[in-house]
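Every chain is numbered from 1, with letters handed out A, B, ... down the list of sequences.
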There are 2 protein chains.
Amino acid sequence: MSLREKKKIETRNKIFEVSGRLFKEKGFENTTVDEITKEAGIGKGTFFNYYPTKEALLVDFVKQKEELVYDLVRNELKKNIPVREKIKNVLVLVARSNEKDKEMTRLYVFEYLRHYGYEERKSHSLNLIIHDLLEKSAEKGEVKKGIDIKKAADILTATYFHSLMEWLWSNTDISFSEDISGKIDMIFDGIGGSDLERKK
Amino acid sequence: MSLREKKKIETRNKIFEVSGRLFKEKGFENTTVDEITKEAGIGKGTFFNYYPTKEALLVDFVKQKEELVYDLVRNELKKNIPVREKIKNVLVLVARSNEKDKEMTRLYVFEYLRHYGYEERKSHSLNLIIHDLLEKSAEKGEVKKGIDIKKAADILTATYFHSLMEWLWSNTDISFSEDISGKIDMIFDGIGGSDLERKK
DNA sequence: GGTCTTCTATGACCATAGTCTTATATGACC
DNA sequence: GGTCATATAAGACTATGGTCATAGAAGACC
C-alpha cells in the first residue's frame, strides 16, 4: 500500500472516530463540521474530500452497525424453521439492534428517507431478505398459493418500518421487538373475518 | 376585525401566495427566503414572525390540500358498503390526491417525518380513520373476532405509507392507487397458507 | 536526485436559514 | 387628538454547511 493510500485511510478513520465521539457527546445537530475538523487536526475542506455532506457520515456509522447484525441474521437464515418464525426472528434481531441506539437510528432513518431513491433504487436489504424467504417457502405451502410475493414482502417491510418509527418517536418505552412480532402473525393469518363469521 | 388583524392576515396570505408561486416555478430548495420576502415586499424578519422555518410553509400547503380531499373522504365514509371496500376507497382517494402533485407530496412526507413526534404525537389522521372503521365493523364480523384493532390499523397505515414512498421516489409511472388496492386485500385475507395446504 | 504530473490538503470565501435589537405602526385610554 | 403600551416590521448580523482556487505532497520517469 502506498504512502498516499495509508494517509487517506488514516484521515478517514480520524474523521470517523472524532465525529463519532462528538456526536455521542453533544448530538448530531449540535456538532459542527468546524469542530470535527479542528479536533481531527485537518482543514475544513479536507472533510468534504471524504464525505460530501455532514449527513454522509451517518451512512458509515450505520454500515458499521449493520455488519454486526447481519452476522446474526445470516445465522438465523440457516435454521430449518417455518418462514413465519424465521421472518419474525430476523425482524426482531434487527429491531433489537436498533433499540440499542435510538438517536443514531432516528438520524439514519431520516437520512435514509431523504436520499431514498436518489441512488439506483436498490430495495432496502430487509425487503430483499423477506422477499427471498417468502419465495423459497411458497412451494412448501407456507404461503398462500398464487400470491404476489412482492406485495407480501412490501407489507411486511412496511409494517417493520412503521413500527420502527412509531417506536423511534415515542417517549414511552414500549418494546418495538414485541410489537412487530404480533403484527407479523396478523399479516400471515389475515385480519378479515371468515365468510362463516360474516354470515352470522 | 381590527386593522392589525387584517394586515396580519394580508401579510400571511401574501407570503403563502408568493412562496406557492415560486416553489412551483423553481422548486422548494431553489427558492430562498430572501426571494420570497423581496417579492412579497416585506422584511426578512417578518417572514419568521409568520413561519418559524422555511419548511413550516409546507404544512400550510398540505392543510389546504387536505381540506379538499377530506370532503371526498367524509362522503365515502357515509356509504353503506363493506369495510374492506371502504378502506380501499378512502386510501385510493387520498392516493389519487397525492398523485396530483408529486413534488409537494414528497417534500411534505419528508417534513412530516422530520417533525413526527415533536408535537403531541397525535396519530396521523388516516390511522385514526382506519382505526375507527375497523372498530365499528368488528361487531359485524367483517374483521376477525378478538383481533387487536390498533395493530390492524397500523398494518394498513404502514402499507399505505410504504406504497406512497415507493411511488414517490420511483421514476417509473406505476400507479400508486392500484398498488395499494391489491395490498389491502392481502392484508384482509392473510398471506399464510392454510393448514390444509401446509400438510400437502 | 531532479523534474514533471497528479492527487490531496487547505482555508478564505460564499450562500442562506434563522436571530436579535431597534424602529414603527396600532390601538387603548384619558 | 395627545400619550403611552404593545404588537409587529425590519434588516443588519450570526452561524454553519458547503465550494473553489491555490499550495503542497506523493509518485513516475529520466
Ion pair check, [X] and [Y], cut-off under 4.0 Å:
X: B:D101; Y: B:K65; result: no
X: A:D179; Y: B:K150; result: no
X: A:K79; Y: A:E85; result: no

May I ask you to say what A:Y50 touches in the nucleic acid, namely base, sugar-phosphate or nothing, with a heavy-atom cut-off under 4.0 Å?
->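 The answer is sugar-phosphate, as A:Y50 gets under 4.0 Å only of primed atoms, P, OP1 or OP2.
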First and last nucleotide of DNA chain C, 5' to 3', lying under 4.0 Å from heavy atoms of chain A =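 On DNA chain C, the outermost contacted nucleotides are C:dT6 to C:dG11.
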End-to-end axis angle, where each axis spans five pairs of the helix from C:dG1-D:dC30 to C:dC30-D:dG1, to 10° =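 Angle reported: 0°, given to the nearest ten degrees.
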Just the rounded figure in Å: distance from [atom2] of [N] to [atom1] of [X].
X: A:L3; N: D:dA28; atom1: CG; atom2: P; result: 12 Å
X: A:F47; N: D:dG17; atom1: CZ; atom2: C1'; result: 10 Å
X: A:L57; N: D:dG18; atom1: CG; atom2: P; result: 10 Å

Checking side-chain contact (heavy atoms from CB on, under 4.5 Å) against B:I130, which of B:D154, B:L91, B:I155, B:I149 comes through?
->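 When B:D154, B:L91, B:I155, B:I149 are each tested with B:I130, the side-chain contact (heavy atoms from CB on, under 4.5 Å) holds only for B:L91.
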Between A:I15, A:D34, A:T53, which is the residue that forms a side-chain contact (heavy atoms from CB on, under 4.5 Å) with A:F47?
->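 Answer to the side-chain contact (heavy atoms from CB on, under 4.5 Å) test with A:F47 among A:I15, A:D34, A:T53: A:I15.
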Can a cation-pi geometry be assigned to A:K14 and A:Y50, taking NZ or CZ under 6.0 Å from the six-membered ring centre and within 45° of the ring axis?
->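 The answer is no, since A:K14 fails at least one limit relative to A:Y50.
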From CA spacing to verdict: salt bridge (Lys or Arg N to Asp or Glu O under 4.0 Å), A:K6, A:E10 = CA-CA 6 Å; A:K6 255 189 255 173; A:E10 214 171 277; over 6 Å; no
Residue list, salt bridge (charged side-chain N to carboxylate O under 4.0 Å, His left out) with B:K78, at least two apart or on another chain |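 B:K78 satisfies salt bridge (charged side-chain N to carboxylate O under 4.0 Å, His left out) with no residue once adjacent residues are dropped.
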Near DNA chain C, under 4.0 Å by heavy atom, which residues of residues 4-23 of chain A?
->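 The answer is A:R4, A:K8, A:T11.
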Members of residues 31-45 of chain A that approach DNA chain C, where some heavy atom sits under 4.0 Å away =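 By residue number: A:I42, A:G43, A:K44, A:G45.
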Nearest heavy atoms of A:K151 and B:M186, plus distance in Å =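 Shortest heavy-atom contact: CB-SD, 3.5 Å.
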Which atom pair, heavy atoms only, marks the closest approach of B:V143 to B:F188?
->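 Closest pair (atom of B:V143, atom of B:F188, distance): CG2-CE2, 4.5 Å.
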Could you state whether A:I87 and A:L77 fall into the same hydrophobic cluster, counting links through intermediate Ile, Leu, Val, Met, Phe, Trp or Tyr residues with side-chain heavy atoms under 4.5 angstrom apart?
->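 Yes, A:I87 and A:L77 fall within the same hydrophobic cluster.
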Contacts of A:F176 that satisfy ring pair (Phe, Tyr, Trp, His ring centres under 6.0 Å) - sequence neighbours left out =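 Here the qualifying residues are A:Y160, A:W167.
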Nearest-nucleotide 5' precedence on DNA chain C, B:M1 against B:K54 =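 Its nearest nucleotide lies further toward 5', so the answer is B:K54.
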Determine: side-chain N/O of B:N49 to OP1/OP2 of D:dT8, distance under 4.0 Å, yes or no.
->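 Negative; the distance criterion is not met.
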Given salt bridge (Lys or Arg N to Asp or Glu O under 4.0 Å), test B:R21 with B:E17 step by step and report yes or no.
-> CA-CA 6 Å; B:R21 203 180 66 240; B:E17 178 224 304; 3.6 Å; yes
